[in-house]
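Quick note on labels: first sequence line is chain A, next is B, and so on, each numbered from 1.
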Amino acid sequence: MSILEGLNPEQHAAVTHGEGPLLILAGPGSGKTRVIAHRIAHLIDEGGVAPGRVMAVTFTNKAARELRDRVEALLGSLARGITLGTFHAVCARILRVDGEQIGVPHAFVIYDDSDQMALIKRITAELSLDPRQHAPRAILSVISRAKSELATPTAFAEGVSSYFEEVVARVFSRYEALLAENAALDFDDILVKTVTLLRDVEAIRDRYQERYEHVLVDEFQDTNVAQYVLARLLAPPPAANICVVGDPDQSIYSWRSADIRNILNFERDYPKTRVVRLEQNYRSTQTILDAAQRIIAANRERKEQSLWTEKGRGDPIVVYEAYNEEEEAAFVAGEVRRMAREGSHLGDVAVMYRTNAQSRALEERFVAERLPYRLVGGTRFYERREIKDLLAYLRLVLNPFDSISLGRVLNVPSRRIGDRTQQELSAWAQSLGVPAYTALQMLAGSGEAPRDSEAQPPRLLSILDAPVESPFATPAKAALLGFLSLLNELIAEAPVLTVSRLLTLVIERTRYRDYLTDQFPVDGDERWENVQELRNVAAQFDELEPEQALMRFIEDVALMSDTDEYDEKIDAVTLITLHAAKGLEFPVVMIVGMEEGLLPHIRSFDDPAQMEEERRLCYVGLTRAKDRLYLLRAFRRALMGQGSHNPPSRFLKDLPPELVHQAQQNVEGAYRRPTARQRQPAWSTAASVASGRPSEGSHGPQAHPERFQSSEGSHGPQAHPERFPSNQGSHVPEGHHERVWSDEPQPRALAALFAAGEHVRHARFGEGIVVTAAATASGADQEVTVAFKGEFGVKKLLLSFAPLERLDHH
DNA sequence: CGCCGTACGGTTTTT
DNA sequence: CCGTACGGCG
């Protein structure tokens with residue numbers, strides 16, 4: 001097959017552009033992955049470029065696999081020589097080879113989000129910061145952004161402009177020191193250290209610049225500063241062969257420090273850039289495209305882009321207003337069933353949502369109906385407790401200085417090393433200025449050191465031989481030494497074991513299976529299955545030499561989200577967040593939760609830039625659909641246990657009516673009332689006459705005939721008494737009857753609105769003054785910021801939650 | 001001092 | 001609803 005066959009003129013230009021910088025502005029569904037693949041193939045096949053001299057960087061591992069598959073289809077095994085992967089994967093590989101030149105430990109471990117949080121929490125405790133005032137999550141986010149912009153703690157400290165940033169600067173500096181002590185890199189480090197390496201070590205920079213004749217970057221709108229600097233180091237301006245592909249309208253990762261300015265700066269940094277626009281859409285119907293463009297057109301910060309298709313109008317967009325999230329899920333399931341009956345595959349359908357929590361209602365319905373589904377994201381395999389525990393043991397074998405992993409498994413399974421002893425250990429280690437592992441060795445004294453010189457555990461200092469005063473009581477000391485000798489045994493055995501054998505050894509020595517059965521009587525078996533699955537994954541590395549294998553296994557696990565990993569062969573409906581759906585396409589897309597507060601998310605309300613990003617996110621969702629698009633919203637929705645009512649999304653209002661079909665309830669999706677176990681509204685006693693449990697098949701459209709005459713506002717608590725029969729037949733545990741549930745915002749919230757300047761009293765926080773008071777999206781509640789006297793300071797409170805009363809003020 | 005139960009507070013998106 | 005914080009018990 002010819003590489004240039006079947007390309008349209010725009011695509012042809014992008015594929016055949018030879019030397020020099022190239023910017024491809026690729027609209028959704030414009031065949032951009034195909035263009036990149038063909039461009040690579042063309043360079044190699046026609047331009048005589050050696051595969052080893054091409055680097056292609058993608059955003060996800062999945063995209064990397066897809067690209068490799070496409071290139072392989074064009075070039076065969078030649079494609080194997082190409083350097084192809086995510087920025088993080090490519091950089092990690094570079095650091096393993098050359099990182100030691102700038103002091104990166106060869107056996108570094110990678111800290112993920114939860115490891116970072118653990119580190120930050122340890123530091124805030126060390127500095128005795130109040131987590132209420134200085135939320136670890138907020139601190140980490142500032143640090144991460146600073147790092148992605150290549151700031152050092154010193155540089156950051158010089159630029160602080162608030163007390164909070166001052167605090168962050170102190171944490172930042174300690175954070176970096178601890179990462180170094182633990183021989184760990186966080187996600188940002190993987191990029192930052194590679195930048196440092198290429199920037200500071202000329203010989204290495206020259207080597208990589210020479211090696212990579214062509215650099216390609218996909219999803220360029222979502223790169224951060226470090227990534228762009230890295231790309232420039234590999235392909236220096238003004239004339240290098242760099243090809244970046246992106247779409248500013250699909251930039252949805254600014255919260256992860258993606259910097260949309262990169263795409264704007266590109267033409268400035270590479271003045272000879274050739275710009276190619278791919279505007280023909282091969283994916284969606286004209287109707288879907290029109291709707292998407294109408295939504296994105298409302299953004300002010302954007303360049304005009306006009307998409308077109310030859311695909312024809314297709315079906316109208318189906319808009320459906322469900323009563324609540326359960327009925328929303330029921331409608332989804334009903335439509336899926338109907339389509340399946342009409343010959344569609346379940347795999348053709350994706351259900352998309354803004355937040356992971358929204359998958360719950362869908363899953364429950366799918367399980368109840370025995371509809372196969374595939375949940376992308378959610379609690380990821382590698383985030384499961386049992387998996388993290390065992391990986392922590394393996395990480396310790398590779399790098400015992402990793403004190404986060406050490407802290408994780410020091411008492412798992414229980415060795416009777418409690419909080420007190422653990423705190424004592426880290427304080428003691430800190431006072432000695434050594435990692436926890438070294439402190440343990442010192443505790444053991446020189447007699448503990450293994451005889452086998454080849455398998456000697458790493459040592460930092462020669463102080464080990466000196467006698468030490470430790471703060472531990474005898475039982476605590478014995479327990480700690482027990483752990484140390486276990487760890488040293490694992491370290492000693494590791495060099496001659498495959499990864500899967502090592503894992504087995506860990507499981508045996510820790511009696512991990514017994515631990516699971518004892519501690520998790522309900523789901524212990526399921527957890528054990530996960531452990532076995534982990535062993536299967538580990539076995540894939542058994543061919544390699546042991547140290548390499550262990551390193552690669554742990555690294556792959558850290559850099560691979562299993563969003564990338566799902567099995568596409570099973571015919572199942574895909575449940576996925578809008579973010580994770582980027583780059584994918586489906587014949588049928590159903591977006592649920594088209595509501596103010598959800599999409600756009602409430603956190604974007606006070607920032608126009610963030611609001612524009614929500615709009616782009618919505619645009620990304622719409623443009624995933626090839627043939628049919630459903631937009632759903634629920635009239636009521638339980639969010640975090642509280643009932644709430646969200647108005648329809650502003651994005652729905654942007655849709656031209658002629659593109660939309662307002663759906664009525666489908667028969668299959670007929671709403672079944674909540675089961676007795678579910679929450680019971682406050683007025684249920686008044687409605688307890690309602691019929692009992694719906695028998696199978698008794699459901700139907702008649703269940704609530706009067707709904708939705710008007711979509712807004714008129715529904716009081718009594719509007720649907722029949723759908724909330726009493727919890728007849730259910731068992732309400734003693735003591736629970738006092739609890740009043742309501743699906744409505746509390747009336748008292750409406751009765752007691754506050755205004756700025758008023759004096760108030762909170763049951764716990766005492767007296768204070770209202771700083772700001774703003775209605776929430778629903779209008780039925782208020783978010784009040786109060787400055788309290790005394791140690792509590794400024795707090796944001798939701799009126800419907802907070803026991804807040806007005807004080808008379810003179 | 002460690003473990004287990006209950007209360008409480010926070011709540012987006014992920015390489 | 002879920003994970004963390006705290007308090008009582010062994």
Inset, instruction - Could you check whether A/Phe187 and the base of B/dT15 form a stacked pair, meaning centres closer than 5.5 Å and planes differing by less than 30°? - result: yes
Inset, instruction - Specify the separation, in whole Å, of atom CD of A/Gln519 and atom C1' of B/dG2. - result: 13 Å
Inset, instruction - Kindly write out the residues that satisfy side chain to side chain donor-acceptor pair (under 3.5 Å) with A/Ser604, not counting sequence neighbours, or none if the list is empty. - result: none
Inset, instruction - Output yes if the stacking criterion (under 5.5 Å between centres, under 30° between planes) is met for A/Phe87 over the base of B/dT15, else no. - result: no
Inset, instruction - Just call it for A/Ser604: base, sugar-phosphate, or nothing, with non-hydrogen atoms closer than 4.0 Å on any strand. - result: nothing
Legend entry - Sequence neighbours excluded, every pair satisfying side chain to side chain donor-acceptor pair (under 3.5 Å) that has a member inside residues 410-427 of chain A: A/Tyr393-A/Arg415
Legend entry - Nucleotide nearest A/His601 when distance is taken to its side chain, options B/dT13, B/dT12, B/dC1: B/dT12
Legend entry - A/Ile417 CD1 - B/dC1 P separation (whole Å): 14 Å
Inset, instruction - In plain terms, say whether A/Glu596 and A/Arg650 are close enough for a salt bridge, that is, a side-chain N and a carboxylate O under 4.0 Å apart. - result: yes
Inset, instruction - May I have the distance from A/Glu326 (atom CD) to C/dC1 (atom P), rounded to whole angstrom? - result: 11 Å
Inset, instruction - Take the protein atom CG of A/Leu425 and the nucleotide atom P of B/dC1, then report the distance between them rounded to whole Å. - result: 14 Å
Legend entry - Along DNA chain B (nearest heavy atom to each residue), the more 5'-positioned of A/Glu424 and A/Trp255: A/Glu424
Inset, instruction - Report which part of the nucleic acid A/Asn411 touches: base, sugar-phosphate, or nothing (heavy-atom distance under 4.0 Å, all strands). - result: sugar-phosphate
Legend entry - Closest-nucleotide ordering on DNA chain B, the 5'-leading residue of A/Gln610 and A/Gln422: A/Gln422
Inset, instruction - Consider only side-chain N and O atoms of A/Asn530 and A/Glu386, and report whether a donor and an acceptor are under 3.5 Å apart. - result: yes
Legend entry - Nearest-nucleotide pick for A/Arg420, side chain only, options being B/dC4, B/dG2, B/dC3: B/dG2
Legend entry - Side-chain donor/acceptor of A/Arg256 to base of B/dT13, under 3.5 Å: no
Legend entry - Value in whole Å for how far the P atom of B/dT14 lies from CD of A/Glu219: 15 Å
Legend entry - Test ring-ring contact (aromatic ring centres under 6.0 Å, His included) applied to A/Phe187 - qualifying residues, sequence neighbours left out: A/His88
Inset, instruction - Using atom CZ of A/Phe472 as one end and atom C1' of B/dC1 as the other, report the distance to the nearest whole Å. - result: 14 Å
Show the distances under 3.5 angstrom between N or O atoms of the protein and N or O atoms of nucleotides 2-8 of chain C.
| unit_1 | atom_1 | unit_2 | atom_2 | d |
| --- | --- | --- | --- | --- |
| C/dC2 | OP1 | A/Arg360 | NH2 | 3.2 |

Legend entry - N/O (side chain, A/Asn356) to phosphate O (OP1/OP2, B/dT13) under 4.0 Å: yes
Legend entry - salt bridge (Lys or Arg N to Asp or Glu O under 4.0 Å) against A/Lys193, all qualifying residues, sequence neighbours excluded: none
Inset, instruction - Measure from CE on A/Met611 to C1' on B/dT13 and round the result to the nearest Å. - result: 15 Å
Legend entry - Interatomic distance where CD belongs to A/Gln423 and P belongs to B/dC1 [whole Å]: 11 Å
Legend entry - ring-ring contact (aromatic ring centres under 6.0 Å, His included) involving A/Phe366 - partner list, sequence neighbours excluded: A/Tyr373
Inset, instruction - For the pair A/Arg636 and A/Glu326, find out whether any cationic side-chain nitrogen is under 4.0 Å from an anionic carboxylate oxygen. - result: no
Inset, instruction - Select base, sugar-phosphate, or nothing to describe what A/Phe59 touches, counting heavy atoms under 4.0 Å on all strands. - result: sugar-phosphate
Legend entry - Out of B/dT13, B/dC3, B/dT15, whichever nucleotide has its closest atom nearest the side chain of A/Ser414: B/dC3
Legend entry - Phosphate-side-chain proximity, A/Thr60 and B/dT14, N/O vs OP1/OP2 below 4.0 Å: no
